[in-house]
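Some notes on the structure that comes next.
Note that these values count all heavy atoms, side chains included, but never hydrogens, waters or copies made by symmetry. Starting from 1, each residue takes its place in the sequence as its number. Counting starts at 1 for both ligands and their atoms, following the listed order.
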Amino acid sequence: MAKVEVETRGDVAVLKLSNSPVNALAHGVREGLQAALAAANADPAIMAIVVTGEGRAFSAGADITEFRSGMKPPGLGQVIDGMEASGKPVVAALNGLALGGGLEVALGCHYRVASPAVSQLGLPEVKIGILPGAGGTQRLPRIIGVEAALDMIVSGNPITAAAAARAGLVDRIAEGNVVDAAVTFARELIVSGTGPRRASDKTIDAAAVPAGLFDKKRASLGRHPSGPLAPKNCIAAVEASVVLPFRDGLKRERELFAELAGSPYARALQYAFFAERQAANIPDIGAEVKPREVKSVGIVGAGTMGTGIALAFLNAGLPVRIVETAQAALDKGVARIRETIESNVARGRISADEGKLRSANLTPSLEFKALSASDLIIEAVFEKLALKTQIFGKLDAIAKPGAVLATNTSTLDVDTIAAATKRPDDVVGMNFFSPANVMRLLEVVRGKATSKDALATAMAVAKRIGKVGVVSGVCFGFIGNRMLEAYLEEVQAMLLEGATPSEVDGALEAWGLAMGPNAMMDMAGLDVGHHIRQEHQISDERRRLYRFTDAIVGMGRHGQKTGGGYYKYGGDRKRQADPEMEAMIRAEAAAQGVAQRRPEAEEIVERCLLRLINEGAQILDEGIAMRASDIDTIYLTGYGFPAWRGGPMWQAENIIGLKVAADKIRGYEKVHGARWTVAPLLDRLAASGGKLADAGAEQKPA
Ligand code: T1G
């Protein structure tokens, strides 16, 4: 239950924010804090006040789940202002992370003592499409300076306790228990007669603010991951702290906050926050299913994926054994892993000791039996079913009982691979996204025979290595790549109709995609898709649409790695339009008799988005995805879809509308034929007024 616990230590009152698991500042906490502060100020026996948090957090900030339900008074800003006005000194004991409103509570305290272990002190509101709305944009600049505050608030990135001490945000780093240290600090204040030190009493010397600071910040925003609104308002709020008196600045902060609170971008970002966490919940696997312990990992294949996966585990501190069939390939893979670790050391991302530890945790071998003691073995070899089934047969013979056997396949049938073993219940898909040590998405593919604890193990491992695990059923391309195929197919159609790669990519990147499809395919390698199309039965329509791309692959134009694909590339990997290649598309279009036109940017975006939505609805209807928000989480964490747009399914439900989407798709079907057949689920929901969010096996995120 959300509350504030009060403990008296002589003449110091210790107020503890209590709301498991991260002391979100729900109504009970706000009300409790306000009451406890009033009582402490009224109590003549109390000379100072300490505020701290229960458990691992000081506070993660406002309770985001309250945003939609509305915040009952007292508002957080009001509680903090009251605390700052306290006649007795208030000391924050930062026992753990203090984020958003949590840090704003600490800023309203007169002094701050932090445990050295605290790694997250920040104002991440911009990451959920809003801005610090409880005085943070006015107090932080007064405490650490305008420039530092501007960077923290616009990036939303936290700093450590040590950095906070250097910045003047923290007055003392505790030795030992942080509450004890804060009580000691409070006693020193009492003895020395030092009263409250209020941030709001400080005025900012506008002349000391670097000229053009705010305009430069606005100009530098570029493609901020929170979209076009929130960062801009964050800058305006900090600017107000310089040009307005404190009270007026607070008022301006509230106005700027209100502009954001209801925006579709904020709603999308907050949806994405919860959707990512909801993905970990598997309806038929409760807490009673215990993941198997994974203390060592084996990897088969030291190619691009195998080495990326190895790095993901080494970075998480796990020992890795990696095997290859040939020494040269093994040496090349090990060298790539070691180079990456060393470059992280060189860039100061990790210490030299940490780098040494990670390298020491890697054991290369040419022998499969080197993996016989591994708790989890991940196969990451070439995307050929025959090869994978052969490898799983071998693994079955050497892997210890209880080992989880995972395949990194991105399209192939996990059930067929599992059937190559005598332990199909131990087999699961773990589809990493390249670069596997960077991309956060991990599609966890549940085969028909996959046991609950093997699946739970894969999901637990995903979280442990900092990935977002999302469960998929078995179908060609699982969730992400199956939707990507539909999207890319539409791109091929538009190229044949007359759009250039730059126009297609430009339209989608302007809409928010991290990278346009043609540039993305050039980066991944056009030969990869070509190989998959050779390996699998595809429709005549898809074969026709890809005839041009398959032709240029045959000419050796594989994309960036060969200096040219849809674009041509200089040494700097910068894409340049390639008139020769565009002429080849025109020739192919003429050969096919495709009527020429130039789709506008709006149509390009609409057709690509609707293909994603239609395929996603079909995937949801087939039960391949458990819920619509899982599909969005996959697109946000694995495909560069902008989180401030929520995801394809969120767009369909909240921006386009399901009925409009179904009608538009039907309209495109009239022009372009069967690839635009409306997914029956969309039609059903459009007719019934139902929601995609309620369509899956599990309800929508909080
Ligand atoms: N509100 C509600 N629930 C929250 C929450 C929050 N602020 N933060 C976390 N949770 C839930 C989360 O959904 C999950 O629930 C559980 O806690 C554990 O979280 C006025 C208006 C704190 C770094 O943006 O970044 O303050 O799935 O799985 O990986 O200016 O949660 O267990 O049911 O993420 O250890 C600003 C958001 C709010 C911080 C912990 N604060 N939270 O990460 O665990 S706006 C934030 C996080 C605000 C003021 C404004 C992370 C974390 P469940 P978790 P974790």
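The side chain to side chain donor-acceptor pair (under 3.5 Å) test applied to Asn408 returns no partner, not counting sequence neighbours. Under the rule for a salt bridge (charged side-chain N to carboxylate O under 4.0 Å, His left out), the partners of Glu354 that lie at least two apart in sequence or sit in another chain are Arg358.
If you number the atoms of ligand 1 from 1 as listed, the ones under 4.0 Å from a heavy atom of Val22 come out as 8 (N), 9 (C), 10 (N), 17 (O). Atom numbering of ligand 1 starts at 1 in the shown order; those under 4.0 Å from a heavy atom of Gly61 are 26 (O). Distances below 4.0 Å separate heavy atoms of Pro21 from the following atoms of ligand 1: 16 (C), 17 (O). Ligand 1 places these atoms under 4.0 Å from at least one heavy atom of Phe67: 21 (C), 45 (S). Numbered from 1 in the order shown, with element, the atoms of ligand 1 that lie under 4.0 Å from a heavy atom of Pro132 read 30 (O).
Looking at Phe274, Phe273, Phe257, it is Phe273 that brings a heavy atom closest to atom 25 (O) of ligand 1. Among Gly100, Gly122, Gly136, Ala60, the residue whose heavy atom sits closest to atom 41 (N) of ligand 1 is Ala60. Nearest residue to atom 27 (O) of ligand 1 from Lys127, Glu104, Met71, Arg277 is Arg277 (criterion: closest heavy atom). When Gly133, Pro158, Gly101 are checked for heavy-atom proximity to atom 26 (O) of ligand 1, Gly101 turns out nearest.
Nearest protein neighbour of atom 44 (O) of ligand 1, counting heavy atoms only, is Arg56 NH2, 3.7 Å. Scanning all protein heavy atoms for the shortest distance to atom 2 (C) of ligand 1 gives Asp63 OD1, 3.4 Å.
Considering backbone and side-chain atoms together, Gln120 places no N or O closer than 3.5 Å to any N or O of ligand 1.
At least one donor-acceptor pair under 3.5 Å links the side chain of Arg112 to the backbone N or O of Ala106.
Looking at Leu37, Val6, Val14, Val91 one by one, the single match for side chain to side chain contact (heavy atoms under 4.5 Å, CB included) with Ile49 turns out to be Leu37.
In the model, Asn281 has a side-chain atom that pairs as donor or acceptor with a side-chain atom of Gln278 under 3.5 Å.
Between Tyr111 and Phe185, the ring-plane angle classifies as tilted under the 30° and 60° cut-offs. Note on ring orientation: taking the six-membered ring where Trp is involved, the planes of Trp644 and Tyr265 are perpendicular (angle over 60°, cut-offs 30° and 60°).
Residue Glu175 places its CD atom among 12 or fewer non-hydrogen atoms of other residues, nucleotides or ligands, all under 6.0 Å distant.
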